Amino acid sequence: VSTGGLLVYAESNVESGKQVVEQNQPESKKKRVVVLGTGWGGTSFLKDVDISSYDVQVVSPRNYFAFTPLLPSVTCGTVEARSIVEPVRNIIKKSSGEIQFWEAECLKIDPENRTVSCRSGINDNLAGHNDFSLQYDYLVVAVGAQVNTFNTPGVMEHCHFLKEVEDAQRIRRTVIDCFEKSVIPGLSEEERRTNLHFVIVGGGPTGVEFAAELHDYVYEDLVKIYPSVKDFVKITVIQSGDHILNTFDERISSFAEQKFQRDGIEVSTGCRVTSVSDHFINMKVKSTGKHVEVPYGMVVWSTGVGTRPFVKDFMEQVGQEKRRILATDEWLRVKGCSNVYALGDCASIDQRKVMEDISTIFKAADKDDSGTLSVEEFRDVLEDIIIRYPQVDLYLKNKHLLEAKDLFRDSEGNEREEVDIEGFKLALSHVDSQMKSLPATAQVAAQQGTYLARCLNRWDQCKSNPEGPRRFKSSGRHEFLPFEYRHLGQFAPLGGDQAAAELPGDWVSMGHSTQWLWYSVYASKQVSWRTRYLVVGDWVRRYIFGRDSSR
Ligand code: FAD
Ligand code: MG
Ligand code: MG
Ligand code: MG
Ligand code: MG
């Protein structure tokens, strides 16, 4: 129950945390918190942060929050763009005070002077821009990631991306354009086929979902209004790995492949795109080493995420220039500077290795200072170890080890009562291999935002308590627990009103009923009643009238 423990603990302490801060208020000014970004991470932080203790300002180039899981539906008009966005100003309006929002882009973080430089007016080509800077006591970086082309030539110029609401709208117009272009008189069959070849690069959840959406759109709606070219449409998914949806359970991945095969969506696995020109996409087939040139009507590039340039610059300032992605500790504090937190897609938690801390763990666990650890002593601290080092839990589960004493067995499998430090090292020697970084998902970003808000809300208590799980410290005071991710499962909509889902506890569900589960989960996850009403309305409209096909 350690996961629930964190939340219960945090909630029960919010009240007392507030009191402490309010008492201090007359002498100390409120601390300034600056938040960068209004995506999943930023808004979930803003929803929970206690503004009676902080003076909060938000900077983002978009004055709305976008419900990204429904972006693929926007590409085909199943759901309208306006239905999945919520104005930030609605989200930050609070009865107890004000959060300030500035529509601007952060250009530079200066951790030395605790300022961020921003530029407004970037969305407006005519009006010019204004530069300003903000002082912070705490900075929350939640700026997400940008697309990653892996420097493949031609991708930036010729491919569509599916990251922002504007991207989805542009794709929708282009799909219709491709159909309109293909029915123009005087074209050869070859030209019509090229115009109607839709290529998706990347067989991850986004690429697969878009392919499925597009397939439904084409065969449920468009072939009825463009009957002359209906046999010329082709949808291809290019995947460099051996399977699509390879982060999902194998059963889901093969279900998706079979469904796509029945639907006539071509899946080219083991192919790497080497360049894209205005009419052709070039790829290398890994097994044969051959290069192939494929003509296309539209390409959607949906693979990989990269670090934003100003975050790269910040990483250089704090000594993280060698890393690919901004590193934080388990409390989401950016490594190499103070008072800066980062969460969501722009950062990754640099998990501590058990082996690096093994002597400290041993000493803390060896309560009677005997120099050996008994099974009893180990059992007492195992729960704390698991909070601090989640890989231990994964290791125990994957190896089907149920108890502390199972780790203490010697090489012959005999139970041991006690181990010394060498024996302890041996027992835990393989657990670090289980370390996994968290996926770049909305689920992770949102949980991190909530976690960080709760930490800041009871800052006063926690300031006097250094890091570390409760029982490693004997002071008896409460400490911050590190961030702990709870995976609630993931969906893969596959078209034709079928979906696949991976649910907690190794549960896999596929088919039409899963699609209904998907509808209800995504309806319930909407940020406001307004967007919930709009999204559900769009779904109903689609059932009755089909999708709109004007560009
Ligand atoms: P974002 O949500 O990307 O937010 C970043 C914010 O920072 C934005 O408001 C942006 O405008 C702002 N920003 C950018 N640059 C600056 C700057 N210089 N200064 C200030 N602000 C800046 N995840 C799931 O869990 N389930 C799904 O089904 C799912 N489906 C997806 C479908 C699609 C098409 C996409 C693109 C993503 C999907 N994801 C899904 C992933 C999910 O959207 C991301 O993991 C999530 O958005 C990450 O949250 P974030 O807050 O880190 O970044
Ligand atoms: Mg964000
Ligand atoms: Mg978002
Ligand atoms: Mg991350
Ligand atoms: Mg002992």
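Numbering of ligands and ligand atoms starts at 1, following listing order. Numbers here simply count residues along the sequence, with the first being 1. It should be emphasised that the depicted structure is a prediction, and the values quoted were computed from it without experimental measurement.
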Below 4.0 Å, non-hydrogen atoms only: which portion of [X] touches ligand 1? Side chain, backbone, both or neither.
{"X": "Phe65", "result": "neither"}
{"X": "Leu71", "result": "side chain"}
{"X": "Glu209", "result": "neither"}
{"X": "Ala445", "result": "side chain"}

Run the numbers for me: atoms of ligand 1, each under 4.0 Å from some heavy atom of [X], listed by number.
{"X": "Asp345", "result": "44 (C), 45 (O), 46 (C), 48 (C), 52 (O)"}
{"X": "Val59", "result": "20 (C), 21 (N)"}
{"X": "Gly344", "result": "52 (O)"}
{"X": "Gly144", "result": "3 (O), 5 (C), 52 (O), 53 (O)"}
{"X": "Arg62", "result": "8 (C), 9 (O), 11 (O)"}
{"X": "Phe310", "result": "17 (C), 18 (N)"}

Shortest heavy-atom approach to [atom] - which of [options]:
{"atom": "atom 36 (C) of ligand 1", "options": "Thr68, Leu162, Thr206, Val58", "answer": "Leu162"}
{"atom": "atom 2 (O) of ligand 1", "options": "Trp40, Trp102, Phe210, Tyr522", "answer": "Trp40"}
{"atom": "atom 14 (C) of ligand 1", "options": "Arg119, Arg308, Gln146", "answer": "Arg308"}

Checklist outcome for this item: Result for salt bridge (Lys or Arg N to Asp or Glu O under 4.0 Å) between Glu86 and one of Arg532, Lys47, Arg530 points to Arg530
Checklist entry - Of Glu80, Glu220, Glu213, which meets salt bridge (Lys or Arg N to Asp or Glu O under 4.0 Å) against Arg542? => result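 Looking at Glu80, Glu220, Glu213, the match for Arg542 under the salt bridge (Lys or Arg N to Asp or Glu O under 4.0 Å) is Glu220.
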Under 3.5 Å donor-acceptor pairs involving side-chain atoms of residues 303-311, not counting sequence neighbours:
{"from": "Thr307", "atom 1": "OG1", "to": "Arg324", "atom 2": "O", "distance (Å)": "2.9"}
{"from": "Arg308", "atom 1": "NE", "to": "Val143", "atom 2": "O", "distance (Å)": "2.8"}
{"from": "Arg308", "atom 1": "NH2", "to": "Val143", "atom 2": "O", "distance (Å)": "3.2"}
{"from": "Arg308", "atom 1": "NH2", "to": "Ala145", "atom 2": "O", "distance (Å)": "3.1"}

Looking only at side-chain N and O atoms, does [Y] offer a donor or acceptor that is under 3.5 Å from a partner on [X]?
{"X": "Tyr485", "Y": "His487", "answer": "yes"}
{"X": "His197", "Y": "Thr236", "answer": "yes"}
{"X": "Gln57", "Y": "Tyr136", "answer": "no"}
{"X": "Tyr543", "Y": "Asp497", "answer": "yes"}
{"X": "Asp50", "Y": "Ser52", "answer": "yes"}

Next on the checklist: Any heavy atom of Phe67 closer to ligand 1 than 4.0 angstrom?
Outcome noted: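 It does not, in that no heavy atom of Phe67 comes within the 4.0 Å cut-off of ligand 1.
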Using a 3.5 Å cut-off on N or O atoms only, is [X] in polar contact with ligand 1?
{"X": "Ala440", "answer": "yes"}
{"X": "Ala145", "answer": "no"}
{"X": "Cys106", "answer": "yes"}
{"X": "Gln443", "answer": "yes"}

Checklist entry - By ring-ring contact (aromatic ring centres under 6.0 Å, His included), which residues pair with Phe255, not counting sequence neighbours? => result none
Next on the checklist: Quick check against the 3.5 Å criterion: does Gln320 have a side-chain atom that pairs as donor or acceptor with the backbone of Lys335?
Outcome noted: yes
Next on the checklist: I'd like to know if Glu105 pairs up with Arg62 as an ion pair, taking the criterion as any Lys NZ or Arg NE/NH1/NH2 lying under 4.0 Å from an Asp or Glu carboxylate oxygen.
Outcome noted: no
